[in-house]
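Lettering follows sequence order; numbering is per chain, from 1.
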There are 2 protein chains.
Amino acid sequence: MSMGSMTSCESLLDADLGGAPRQVLGGGGGAAPERVAIVGSGNWGSAIARIVGRNVIEQEGFEHQIRQWVFPEKVSHNGVEACLTEVINREHENVKYLPGVKLPENLVAEGDLALAVKDATILIFVLPHQFLGRVLPTVAEALGLTKSGGNAGAAPGGRRIRAVSLIKGVDKGPDGLKLISDHIREGLCGAVPVSVLMGANVANEVARDELCESTLGLADEDYASCRAAGLSVTADADTDTLRLLFNRPTFRVTVVRDASATVELCGALKNVVALGAAFCDGLGYGGNTKAAIVRTGLAEMQVFAQRLRCDASSFDATASSRAFLESCGIGDLMTTCYGASRNRKCAEMFARESGKRSWEQLEAEELGGMKLQGPSTAVEAFGVIKKKKCARKFPLLTTIYRIAHEGQSAKTIVEFDKVQA
Amino acid sequence: MSMGSMTSCESLLDADLGGAPRQVLGGGGGAAPERVAIVGSGNWGSAIARIVGRNVIEQEGFEHQIRQWVFPEKVSHNGVEACLTEVINREHENVKYLPGVKLPENLVAEGDLALAVKDATILIFVLPHQFLGRVLPTVAEALGLTKSGGNAGAAPGGRRIRAVSLIKGVDKGPDGLKLISDHIREGLCGAVPVSVLMGANVANEVARDELCESTLGLADEDYASCRAAGLSVTADADTDTLRLLFNRPTFRVTVVRDASATVELCGALKNVVALGAAFCDGLGYGGNTKAAIVRTGLAEMQVFAQRLRCDASSFDATASSRAFLESCGIGDLMTTCYGASRNRKCAEMFARESGKRSWEQLEAEELGGMKLQGPSTAVEAFGVIKKKKCARKFPLLTTIYRIAHEGQSAKTIVEFDKVQA
């Protein structure tokens with residue numbers, strides 16, 4: 001698939017960058033410094049760029065320049081039409097997706113995806129997951145990744161490349177739900193371990209440096225290599241490169257080993273539980289009932305995480321349980337279920353109007369076409385539940401699915417325990 | 001201490017009770033049926049009486065009549081001054097504390113505490129904990145409980161008596177914090193195991209039979225006897241008498257073995273964490289920050305539960321962790337931190353006004369003299385933290401205490417991690 005449409009603005013990588021020359025390295029360690037590329041430049045991508053941009057300067061072991069792939073679109077800025085990439089590099093502000101917030105000057109916006117990720121050793125994916133199918137082949141090619149039979153691949157010259165996904169949601173797969181991290185892993189020829197960063201992280205608040213927490217679900221390969229290097233991931237997580245890259249005094253990152261994708265599943269399934277919470281709000285139910293729904297949702301998320309990979313002998317119940325108590329678990333769930341997001345308002349309306357408007361209509365009329373993640377994630381999650389014939393283990397998730405997609409009355413949310421197989 | 005003031009209304013126990021004669025027994029089992037007495041008749045006491053009153057009829061093994069000790073006060077009802085006890089028995093409605101809701105006809109209000117609890121085998125304590133000191137000696141005497149050296153006591157004739165506390169909060173004790181259940185246990189001569197029932201249970205919503213969950217923290221003695229009787233408490237909790245007494249289709253009770261008082265501590269400490277959450281709201285902080293505070297609060301509650309009884313070899317980390325994921329843990333915490341209670345509004349004002357008004361003033365001016373539990377529980381909890389010299393293990397609880405009681409700025413809530421010993 002051609003990425004031509006993504007390179008319509010001129011590459012700025014080699015332009016004069018003022019205070020951030022390309023080869024300045026952080027720290028004086030012997031190992032080659034990490035080169036960071038951010039794939040995506042929306043609201044959340046811009047907020048995380050502010051964090052990462054400062055950390056590569058302040059922490060050791062990173063090249064000071066970071067590159068951000070920005071979809072080369074035209075924006076109207078101060079009454080003049082301009083390329084967003086150029087505006088970011090000139091004004092150090094993403095005037096479209098994070099207006100009013102200064103970005104670090106060592107961040108270089110790049111409209112050419114291949115140039116943006118070239119020679120990167122850490123890739124941060126933060127874009128709508130619908131774009132992954134188009135993006136990943138270009139990234140793999142630019143990094144020289146090749147399929148070497150089966151799922152396992154290789155990076156040229158034995159370079160160690162890692163990816164971190166900040167994308168909340170799930171894909172559709174042949175078995176129903178497919179993890180975004182698996183999608184990225186496969187798209188990068190199985191050669192790159194994919195960690196995830198999830199939590200109660202509303203982008204605009206992160207951009208204002210308000211205190212928050214986030215959870216880094218370390219890919220098993222990364223965890224293993226930390227251990228091999230004699231690092232104790234739980235006791236001495238400070239030393240992990242990825243944590244250094246994201247952690248700040250007001251953005252507190254906790255590391256969880258995540259063989260079972262619990263952190264990522266939390267980030268996706270919380271949107272389904274939030275539908276149930278919003279149904280309660282829409283119907284005017286009280287705080288007791290909403291708490292029962294949200295709490296049951298968390299419990300079913302736990303069982304789901306366990307069963308999704310129930311064939312894997314590697315399921316680590318302790319690590320998984322821990323993840324649920326971190327920001328990616330209850331933190332994000334509380335914010336999503338009790339916050340005043342537009343997404344929640346839509347699901348409230350759905351219940352109040354007895355499903356008179358479809359999700360597509362609500363998205364078009366209330367969110368300006370922005371996609372709600374809950375309804376689609378409910379479909380993928382229920383696909384797994386149906387395939388494994390275990391609706392009785394997931395009465396709440398099943399009930400939410402049926403209300404959202406099968407015309408069942410929203411009032412049945414309080415009768416979720418009546419679900420049969 | 002004389003209980004004379006508590007018996008100013010005539011005893012109604014032996015009056016004609018219409019459809020609920022005293023000796024009708026539930027079921028036909030061989031064992032003597034349980035006789036239930038409720039000590040307390042406020043908002044929550046009345047709501048739980050509706051539940052218990054129906055269950056003793058519908059479930060096997062209980063006497064059909066239940067007695068409720070009602071503080072014999074005069075109320076104005078339909079323009080006429082009357083004794084609350086009489087009004088309840090005539091109208092089957094607690095017109096003062098749960099107006100507009102019918103109580104079961106098999107519930108008998110009794111102004112004489114000794115008569116109310118006489119021959120009871122299950123005692124439900126649901127009254128402000130400040131009254132316990134006056135109430136417990138009368139209860140112990142009426143039940144014929146005697147101190148038989150040390151903490152262990154005995155009930156006459158080998159009768160098995162159990163208590164359940166629905167009281168949220170803690171007492172002041174010589175070591176700082178003292179559990180309400182311990183207070184009750186001691187007051188009943190160590191002869192009665194004390195379980196607790198806690199959860200996201202706003203009384204008025206429970207009284208309307210809206211769906212909610214609750215957690216029964218089974219006293220260790222009760223748990224042991226279930227096991228001895230061949231009952232698996234986790235797998236077959238339905239069979240437990242106390243669960244039968246409280247569980248209903250819209251009031252779903254989960255049983256947790258609670259050797260370490262985790263369920264009870266959750267019910268108390270959540271009010272301290274809620275202060276921190278309200279400070280965030282009062283200062284206009286966003287959802288990320290509030291989620292970080294609440295989540296950290298839950299984590300510190302866990303450590304606190306573990307350390308409070310850290311000398312006890314019986315601490316059961318798995319059961320304790322489970323309790324935090326039940327309604328008594330995250331359920332109640334979410335409702336308290338995100339609900340619109342008057343208590344929370346007070347703590348919001350405290351932060352917004354930079355502590356200009358004391359807690360006493362706020363209670364007097366905003367709550368009509370009703371007591372906030374958070375500030376006093378913070379004192380008792382910090383007493384333990386100080387005594388054990390472990391402020392660094394509880395930076396958030398310590399910071400909340402210092403803001404609430406030592407004039408520290410509410411804005412320091414986001415710097416809780418800077419706490420030193």
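For Phe246(B) and Phe251(B), the gap between ring centers reaches or exceeds 6.0 Å.
The residue among Asp332(B), Leu325(B), Leu333(B) with the most heavy atom pairs within less than 4.5 Å of chain A is Leu325(B). Here Asp417(B) is the residue among Asp417(B), Val294(B), Thr250(B) with the most heavy-atom pairs under 4.5 Å with chain A. In terms of heavy-atom pairs under 4.5 Å with chain A, the best-connected choice from Ala292(B), Ser214(B), Gly331(B) is Ala292(B). Annotation: maximal heavy-atom pairing with chain B below 4.5 Å, among Asn288(A), Leu211(A), Thr335(A), occurs at Asn288(A). Put simply, of Ala291(A), Gly339(A), Pro249(A), the one with the most heavy-atom pairs under 4.5 Å next to chain B is Ala291(A). Of the residues considered (Glu415(B), Lys290(B), Glu326(B)), Glu326(B) shows the highest number of contacts with chain A, using heavy-atom pairs under 4.5 Å.
Under 3.5 Å, the side chains of Asn204(B) and Asn43(B) contain a donor-acceptor pair of N or O atoms. At a cut-off of 3.5 Å, with distance as the only test, a side-chain donor of Glu213(B) or Thr296(A) sits close to an acceptor on the other residue.
Proximity to chain A (any heavy atom under 4.5 Å) is restricted, for Ile330(B), to the side chain, taken from C-beta onward. When heavy atoms are compared at a cutoff of 4.5 Å, Arg252(B) approaches chain A solely by way of its side chain, counted from C-beta outward.
Shortest non-hydrogen contact noted between Leu103(A) and Ser46(A) is CD2-O, 3.5 Å.
Within the 4.5 Å cutoff, the side chain of Val206(B) has heavy atoms near those of the Trp44(B) side chain.
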> Does the pair Leu197(A) and Ile124(A) meet the rule for a side-chain contact (heavy atoms from CB on, under 4.5 Å), with working shown?
Replying inline: CA-CA 10 Å; Leu197(A) 185 76; Ile124(A) 299 170; over 6 Å; no
